[in-house]
Protein chains: 2
Amino acid sequence: MAQKPSTPDSSQTDLDQRKASILEAVVAEHVDTAQPVGSSSVTQNAKLDVSPATVRSEMVSLERQGYLAQPHTSAGRVPTDKGYRYFVDHLKSGKLGAAKQQQLSEFFATVRGEVEDVLEQTSMMLSKLTNYTSVVLGGSSSTAPIVSVQLVNLDAHHQLLVTVFSDGTVLKHSVLVDFEADHTDVAEASKQLNALLHGTTISDRVQVPSRQDGVATLVRESVAILHAEQPTREGEQVFIGGSSKVAESIDGVDNVRNVLAILEQELVVVSMIEEVLAEDVAVKIGSENQLEPLASCAVIVAPVTVEGETIGAVGLLGPTRIKYSELMATTRSVSEHLTKHFEGERDR
Amino acid sequence: MAQKPSTPDSSQTDLDQRKASILEAVVAEHVDTAQPVGSSSVTQNAKLDVSPATVRSEMVSLERQGYLAQPHTSAGRVPTDKGYRYFVDHLKSGKLGAAKQQQLSEFFATVRGEVEDVLEQTSMMLSKLTNYTSVVLGGSSSTAPIVSVQLVNLDAHHQLLVTVFSDGTVLKHSVLVDFEADHTDVAEASKQLNALLHGTTISDRVQVPSRQDGVATLVRESVAILHAEQPTREGEQVFIGGSSKVAESIDGVDNVRNVLAILEQELVVVSMIEEVLAEDVAVKIGSENQLEPLASCAVIVAPVTVEGETIGAVGLLGPTRIKYSELMATTRSVSEHLTKHFEGERDR
DNA sequence: TACTGGCAGTCAATTCTACCGAGTGCCAAG
DNA sequence: CTTGGCACTCGGTAGAATTGACTGCCAGTA
């Protein structure tokens with residue numbers, strides 16, 4: 001009785017038709033009710049013509065394989081992370097309801113302003129739309145060409161480097177030098193920087209003057225600082241919308257506290273999202289998340305891509321019992337809208 | 001028996017010595033234990049040489065006057081908002097513990113970087129130090145003189161106005177015009193703007209050209225946009241540190257949710273803080289807050305003032321049962337440190 | 001007159017008991 | 001392989017009893 005030869009070689013990674021249906025029904029109902037689901041309600045909701053007893057024995061098997069779990073004897077079953085994973089993997093990509101589609105279109109038709117504002121508003125909108133916490137990751141150090149570079153004299157030893165990119169991004173950095181720079185030096189350096197960098201991107205390398213005078217030093221320093229932007233991914237912006245939803249959707253004060261604490265650490269959020277994207281997965285369920293406090297959470301992420309380059313991402317954070325189909329569709333749709341939005345901007 | 005002529009005319013706004021001591025003891029213990037406090041523990045902790053019975057009758061009187069409340073018969077007493085208010089008003093400004101003073105000094109000795117970074121880090125530090133949520137409000141549209149103004153051509157109808165202030169603040173705005181502006185127009189407008197605005201602040205009014213050509217229009221638009229900054233207080237920055245602490249310190253999921261929702265709305269936070277500052281009060285307790293969801297919260301605020309002008313504020317948000325003395329001292333100290341920090345920067 | 005100790009009364013919180021019912025596992029029959 | 005039947009388990013709920021921390025009141029005392 002150790003092995004069940006029900007359907008040949010199907011019990012390892014795949015489930016037979018009926019087991020799949022049962023799993024699906026359990027997921028659906030548990031997402032809906034937040035309660036463990038029993039064998040009889042499965043027979044009603046799944047379009048299976050079998051008795052509860054049959055379902056029960058199947059559920060025992062599903063539990064052995066790790067797809068379901070029992071909170072305690074004489075309770076119904078609850079999907080495990082593995083169960084959700086199977087469910088998600090076998091989801092035929094659902095479509096977004098017309099109403100929501102409409103709302104999204106309206107939002108993106110009316111949204112205006114700086115890149116940051118668009119991303120922030122998107123994040124808030126997404127959270128309001130779904131009632132979950134949203135995370136929007138945007139435009140790391142811009143890959144757009146530089147439109148203008150300017151050094152501003154704060155005082156003799158401190159300059160401020162202000163860089164404007166063609167997509168409207170503005171970056172600023174302190175530049176410290178160990179000699180006294182006067183206004184004319186700074187103005188001259190500014191001029192040279194503009195000549196040097198205008199039209200380039202931060203990943204382009206440029207020839208810098210090697211002279212040892214003040215102006216040349218300023219120019220070298222500034223270029224170095226700008227180029228240093230690239231690898232560190234510093235300047236990545238994170239917009240979190242609806243952190244209050246955490247309190248609603250996650251239960252257990254401790255869990256809420258921990259999840260909020262994670263959201264506070266933007267770097268952690270960035271790496272979390274990047275990890276999800278790196279593995280080319282759109283969803284991380286419960287313990288699949290590296291971060292232990294997220295064991296009770298599901299994360300859904302979709303990239304925002306402009307001309308083949310991933311320039312950001314939009315994500316949702318909720319409990320594992322979440323409407324995957326709908327929310328995945330929403331996330332994907334928002335990311336597509338954003339992509340279109342930014343491509344539109346670029347072409348103008 | 002309707003009136004108690006115990007001490008002549010003292011029962012209206014002020015409390016006699018003993019009542020004050022009792023109130024203080026109740027506040028102290030309730031802050032500590034979160035439990036209603038009974039008459040006998042008051043006799044032990046307050047340095048009063050009276051019996052519990054006496055304290056009880058005094059507490060009845062305090063309750064009649066609205067300083068204390070009973071959750072139910074046969075429970076101890078809890079301070080009301082009015083009780084806390086009295087306590088706070090009669091607090092001799094406490095001193096900060098040496099350890100915390102040390103930590104603050106160290107932090108401010110090592111903190112570096114752009115204004116935004118300093119404020120953000122301060123907010124995080126303050127939250128970590130106190131274990132409550134902190135709010136740091138910073139540098140509205142800078143009052144510092146303008147160092148440089150620049151128009152950047154995004155496309156024919158869209159320009160980006162980048163303004164750099166002497167304190168390192170950078171502001172950017174979209175400028176839309178209904179004619180086609182080419183690069184030379186924009187460059188010329190940029191030049192004129194610099195000549196016009198360099199050294200002025202946004203509250204200074206300047207003479208703008210009245211000609212109807214493109215360049216003049218650009219200049220007029222830009223100046224108008226900058227001057228519009230002042231009244232709206234747009235661009236006010238809010239840094240919220242430790243929102244996860246809300247989950248710890250406020251009880252009731254609904255309360256947590258509501259408070260978090262408020263913190264999400266930055267505008268609301270700004271107006272809340274400004275209201276506290278406007279009334280020249282440092283503390284708002286419970287129902288004193290205009291915002292209904294904050295009825296269970298206390299807010300402590302201190303202004304950051306540079307050369308007589310309020311350029312920001314630092315605040316703490318916690319439950320009403322909070323260590324007022326210590327946290328007020330901490331808040332004040334941080335605001336002073338910030339003041340010093342920015343004055344130092346300005347003088348450099 | 002102001003304070004005190006004593007005492008009866010109140011009420012939330014805790015514990016316990018009993019019970020219900022949803023749901024299971026097992027089994028023998030179809 | 002499926003099914004109905006049945007005994008069993010165990011969380012959740014409701015009600016009763018108990019506990020204990022207070023209070024308010026009062027009569028006695030300095």
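Because the structure is predicted, anything quoted here is derived from the model rather than measured. A, B, ... follow the sequence lines: proteins, then strands. Residue 1 opens every chain.
- Between B:Thr54 and the phosphate of C:dT4, there is a side-chain N or O to OP1/OP2 separation shorter than 4.0 Å.
- Counting only N and O atoms by type, the side chains of B:Asn289 and B:Lys284 include no donor and acceptor under 3.5 Å apart.
- The interatomic distance linking A:Leu62 (CG) with C:dG25 (C1') rounds to 16 Å, in whole Å.
- Regarding A:Glu58, its CD atom lies at a distance of 10 Å from the P atom of D:dC1, rounded to whole Å.
- Residue A:Ala53 places its side chain closer to D:dT3 than to any other of D:dT23, C:dT4, D:dT3.
- Residue B:Glu29 contributes atom CD, which lies 13 Å from atom C1' of D:dC22 at whole-angstrom precision.
- Rounded to a whole Å, the CD1 atom of B:Ile22 is 11 Å from the P atom of D:dT23.
- Considering only residues two or more places apart in sequence or on other chains, A:Tyr132 meets the ring pair (Phe, Tyr, Trp, His ring centres under 6.0 Å) condition with none of them.
- A sub-4.0 Å separation between OP1 or OP2 of C:dG5 and a side-chain N or O of B:Arg56 is absent.
- Atom CE of A:Met59 and atom P of D:dT2 are 15 Å apart (whole Å).
- For the pair A:Ser74 and B:Ser51, both in contact range of DNA chain C, the more 5′-proximal nearest nucleotide belongs to B:Ser51.
- In this structure, the nucleotide among C:dG25, D:dT3, C:dC11 sitting nearest to the side chain of A:Gln70 is C:dG25.
- To the nearest angstrom, C1' of D:dC1 lies 13 Å from NZ of A:Lys19.
- Atom CG of B:Leu68 is separated from atom P of D:dG24 by 11 Å (rounded to the nearest Å).
- For the residue pair A:Gln65 and A:Ser61, a side-chain donor N or O sits within less than 3.5 Å of a side-chain acceptor on the partner.
- A donor-acceptor contact under 3.5 angstrom links the side chains of B:Ser134 and B:Ser123, judged on distance only.
- With hydrogens and angles left out, the side chain of B:Thr73 and the base of C:dT10 share no donor-acceptor pair within 3.5 Å.
- Remark: the backbone N or O of B:Asp251 is paired with a side-chain donor or acceptor of B:Asn255 at under 3.5 angstrom.
- Taking atom CZ of residue A:Arg18 and atom C1' of nucleotide D:dT3, one finds them 12 Å apart after rounding to whole Å.
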